[in-house]
Amino acid sequence: MQRFADLLLWLSLALWLAFALVGGLAAMAIFPEARELPLSLEGYEAFIAAEPTQGRQLVAGFLVERVFTMSNTPRILAAVVAAIVLAGQLLTQRHPAHPRLRLAALALAGGAMLVSILWAMPAFQSVDRAYREAAAAGQVEEALAQKPSVDAAHATASRLANTEVAALLALIGLTAISGGRRG
């Protein structure tokens, strides 16, 4: 049973990390490429013509947004499984290794994920929607005035994502160390 629990913990942590990284990886692949492509988007022609660089980035944002949204549910599910299995292991082992550090890393990763999904993403989407609406209406100056708010919301979301990934890596490292000590 212990081996099954270990396997389930490792699998859930790996999936959580993968889904935490997928949006950032998609953005790293799409945004630089978008700078070089002659992208267009129906309804945004005036904005793209007036601000080609910002317009291409806006199109790239549409492409990447879906990846971030699709990764939320699998991240939550993997986090819940990881939390349950880790809690079970820590409660049933006689002398678990680094229990406080592992729980702290789990709490930090889970907290960052929840704050991201429940607060930062909706806040980002709200300011991004205002930016996109102005761009779609051909209100170039208004769209450009909205862009600093979009950038600030993006920076907050990025910090939360980095915190989640760093805490997950710490948890994975501590779990590897504790597994080595146990067996």
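Position 1 is the first residue of the sequence; numbering continues from there. These numbers were taken from a predicted model, which means no experiment stands behind them. Below, all heavy atoms of this structure are taken into account, side chains as well, without hydrogens, waters or symmetry copies.
Remark: Arg56 does not engage Glu36 in a salt bridge, criterion side-chain N to carboxylate O under 4.0 Å. Between Glu65 and Arg132, at least one side-chain nitrogen of the basic residue sits less than 4.0 Å from a carboxylate oxygen of the acidic one, meeting the salt-bridge criterion.
A distance of 9.0 Å separates CD in Glu33 from CG in Leu39, rounded to the nearest 0.5 Å. Rounded to the nearest 0.5 angstrom, Ile48 CD1 and Thr53 OG1 are separated by 11.5 Å. With rounding to the nearest 0.5 Å, the separation of OG in Ser149 from CG in Asp128 is 11.0 Å. Note that the OH atom of Tyr131 and the CD atom of Glu142 stand 12.0 Å from one another [nearest 0.5 Å]. From Leu15, atom CG reaches atom CH2 of Trp10 across 13.0 Å, with rounding to the nearest 0.5 Å. Rounding to the nearest 0.5 Å gives a distance of 7.0 Å between CD1 of Ile76 and CG of Leu118.
Separation of the Phe68 and Phe124 ring centroids does not fall under the 6.0 Å cut-off.
Taking both residues in full, the closest heavy atoms of Pro32 and Ala27 are given as CD-O, 3.7 Å, listed atom of the first, atom of the second, then distance. Between Leu160 and Ala112, the shortest heavy-atom contact is O-CB, 3.7 Å. Pairing each heavy atom of Pro148 with each of Ala145, the nearest pair is CD-O, 3.3 Å. Nearest heavy-atom pair, Val85 versus Ala5, reported as atom, atom and distance to 0.1 Å: CG1-O, 3.3 Å. Residues Gln146 and Val127 approach most closely at OE1-O, 4.5 Å, considering heavy atoms. Among all heavy-atom pairs drawn from Glu164 and Ala20, the shortest one is OE2-CB, 3.7 Å.
At least one side-chain heavy atom of Lys147 sits less than 4.5 Å from a side-chain heavy atom of Asp151. Inter-residue side-chain proximity for Pro99 and Gln89 is flagged as unmet; no heavy-atom pair is nearer than 4.5 Å. Using a 4.5 Å heavy-atom cutoff, the side chains of Val59 and Tyr44 are not in contact.
A side-chain donor-acceptor contact under 3.5 Å links Glu45 to the backbone of Gly43. Counting only distance, with no hydrogens or angles, the side chain of Ser126 and the backbone of Pro122 share no donor-acceptor pair below 3.5 Å.
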Inset, instruction - Check step by step if side-chain contact (heavy atoms from CB on, under 4.5 Å) holds for Glu133 and Gln139. - result: CA-CA 9 Å; Glu133 287 171 358; Gln139 299 169 341; over 6 Å; no
Legend entry - side-chain contact (heavy atoms from CB on, under 4.5 Å) between Leu86 and Leu171, intermediate numbers included: CA-CA 10 Å; Leu86 180 61; Leu171 178 55; 4.0 Å; yes
Legend entry - Step-by-step side-chain hydrogen bond (donor to acceptor under 3.5 Å, both in side chains) determination, Arg159 to Thr156: CA-CA 5 Å; Arg159 282 191 297 277; Thr156 299; 3.3 Å; yes
Inset, instruction - May I have the step-by-step check of side-chain contact (heavy atoms from CB on, under 4.5 Å) for Gln54 and Val140, ending in yes or no? - result: CA-CA 10 Å; Gln54 290 299 321; Val140 177; over 6 Å; no
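No chain of hydrophobic side-chain contacts below 4.5 Å, direct or via other Ile, Leu, Val, Met, Phe, Trp or Tyr residues, connects Met28 to Met70. Both Ile30 and Met121 are members of a single hydrophobic cluster when ILVMFWY side chains are connected at heavy-atom separations under 4.5 Å. When hydrophobic clusters are built by joining Ile, Leu, Val, Met, Phe, Trp and Tyr residues whose side-chain heavy atoms come closer than 4.5 Å, directly or via intermediates, Leu103 is grouped together with Ile84. Under the 4.5 Å side-chain heavy-atom criterion for Ile, Leu, Val, Met, Phe, Trp and Tyr, Met113 and Val67 are members of distinct hydrophobic clusters. Under a hydrophobic-cluster definition in which Ile, Leu, Val, Met, Phe, Trp and Tyr are linked whenever side-chain heavy atoms come within less than 4.5 Å, directly or via other members, Val81 and Leu114 are assigned to the same cluster.
Just one of Arg102, His98, Gln93 meets the side chain to side chain donor-acceptor pair (under 3.5 Å) condition when paired with Ser178; it is Arg102.
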